[in-house]
Chemist: 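Please see the structure below; I have some questions.
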Amino acid sequence: MENNCYFCTVLFEKTMKTKIVILDGYAASPDAGAWKPLEELGALTVYDRTRPEDVVARAADAEIVLTNKVCLRRAEMEQLPRLRYIGVLATGYNVVDTEAARQRGITVTNVPAYSTESVAQMVFAHLLTVTNRTEHYAIQNRNGKWSASPDFCYWDTRLSELAGKTFGIVGLGNIGRRVACIAQAFGMRAVAYTSKREEDLPQGIGKRSMDDLLAESDVLSLHCPLTPDTRHLIRQETLQKMKPTAILINTGRGPLVCDQDVADALRTKRLRAFCADVMTEEPPKADNPLLACENAFITPHIAWATEEARTRLISIAIDNVRAFAEGEPKNVVG
């Protein structure tokens with residue numbers, strides 16, 4: 001009888017334990033063990049990836065759901081009556097219908113500023129790829145090009161110095177400000193299009209209208225949110241206002257640029273180079289016009305993916321869940 005009572009107690013505790021589901025944990029950490037601290041807070045299930053049609057079944061009876069790129073819209077929430085918390089494993093939270101969540105009393109959090117240093121670093125990795133082409137020469141010389149040269153050196157690409165050039169930034173959030181600081185360290189003049197008042201800008205950064213920013217920038221880097229007003233911010237009309245020698249960098253959101261218009265500008269030499277870590281559609285279709293452009297340098301959305309940034313992401317995400325469980329949620333959005 002005592003054994004039966006003990007069994008019932010254990011079963012009851014297991015049944016009542018908070019159910020936590022991670023819908024797409026693989027991108028943040030291929031090692032599911034990274035999420036182990038969440039087991040202290042509930043019964044944890046980690047899925048590497050989840051198809052849209054599997055969301056409701058996998059999150060059924062869950063009170064806490066974490067997602068990176070899997071969408072949670074009103075339709076899914078209406079079928080998840082126990083859901084009380086959605087943790088977005090990113091800074092951007094457009095994958096969640098925050099209005100529907102608010103109406104249903106569901107708390108939504110994000111992970112802010114975890115990748116500032118890594119994304120800023122990627123901006124300049126891309127920029128230096130264009131101006132110095134180190135990987136291009138490393139590959140050539142691995143194949144014997146320098147060894148066969150009649151001279152002590154050779155170059156077959158344009159090489160450029162950054163000092164003295166104008167670095168334009170759209171959006172002065174955490175990443176935009178860090179990028180401006182690094183640009184200044186290279187001896188560049190930093191200017192920005194931002195909603196902030198000029199007197200509130202960091203020292204040495206000049207405020208510009210969008211038209212003036214386009215006209216002045218030798219390098220233009222996008223760091224603004226994706227909104228109806230910024231979708232296709234860079235398109236044929238705005239590209240025509242830029243210097244044909246300009247380098248365009250997008251590590252913000254893919255749809256900030258019109259892919260076809262940027263590809264056309266590259267082909268007609270109205271733009272020197274386009275560097276991107278984000279695309280309108282991810283992964284991009286094989287026939288995306290930018291993939292075939294010689295002066296398009298595209299990385300597969302990895303600016304955020306340094307070991308250090310992903311460690312911070314996971315740590316903050318777990319802290320967010322713990323804070324919610326303790327009744328003091330933080331990093332709440334929407």
Chemist: Can a salt bridge be assigned to the pair Glu216 and Arg189 using a cut-off of 4.0 Å between side-chain N and carboxylate O?
Modeler: yes

Chemist: Would you check if there is a donor-acceptor pair between the side chains of Thr299 and Asp277 at a distance under 3.5 Å?
Modeler: yes

Chemist: Considering only heavy atoms from C-beta outward, does the side chain of Leu226 approach that of Asn94 to under 4.5 Å?
Modeler: no

Chemist: Would you say the side chains of Arg272 and Ser160 form a donor-acceptor pair under 3.5 Å?
Modeler: yes

Chemist: Taking C-beta and beyond as the side chain, do Ile169 and Ile205 meet within less than 4.5 Å on heavy atoms?
Modeler: no

Chemist: Closer than 4.0 angstrom, basic N to acidic O: yes or no for Glu63 and Lys19?
Modeler: no

Chemist: Does anything in residues 77-101 form a ring-ring contact (aromatic ring centres under 6.0 Å, His included)? List the pairs, not counting sequence neighbours.
Modeler: Tyr85-Phe324

Chemist: For a quick check under 3.5 Å, do Gln103 and Glu99 share a side-chain donor-acceptor pair by atom type?
Modeler: yes

Chemist: Could you list who else is in Met122's hydrophobic cluster, with ILVMFWY side chains joined at under 4.5 Å, directly or through other members?
Modeler: Ile302

Chemist: Pair Glu76, Arg73 - check salt bridge (charged side-chain N to carboxylate O under 4.0 Å, His left out), show working.
Modeler: CA-CA 6 Å; Glu76 288 81 19; Arg73 305 300 187 193; over 6 Å; no

Chemist: Can you see whether Thr116 engages Asn174 through a side-chain donor-acceptor pair at a distance of less than 3.5 angstrom?
Modeler: no

Chemist: One thing to verify: whether Asp211 and Lys241 come together as a salt bridge, which I'm taking to mean a side-chain N less than 4.0 angstrom from a carboxylate O.
Modeler: yes

Chemist: Quiz question: by atom type and distance under 3.5 Å, do the side chains of Thr50 and Arg58 form a donor-acceptor pair?
Modeler: yes

Chemist: Parallel under 30°, tilted from 30 to 60°, perpendicular over 60°: which one fits the rings of Tyr114 and Trp304?
Modeler: perpendicular

Chemist: Does the side chain of Val111 reach to within under 4.5 Å of the side chain of Asn331, using non-hydrogen atoms?
Modeler: no

Chemist: To the nearest 0.5 angstrom, please state how far the OG1 atom of Thr166 sits from the CG atom of Leu220.
Modeler: 11.5 Å

Chemist: Applying side-chain contact (heavy atoms from CB on, under 4.5 Å), run through Gln140 and Asp156 and close with a yes or a no.
Modeler: CA-CA 11 Å; Gln140 282 196 339; Asp156 56 11; 2.9 Å; yes

Chemist: State the CD1-CG distance between Ile22 and Asp48, to the nearest 0.5 angstrom.
Modeler: 10.5 Å

Chemist: Do Leu256 and Ile234 come within less than 4.5 Å of each other through their side chains, counting heavy atoms only?
Modeler: no

Chemist: Quickly, which of Ile182, Leu162, Asp218 forms a side chain to side chain contact (heavy atoms under 4.5 Å, CB included) with Met188? Name it, please.
Modeler: Leu162

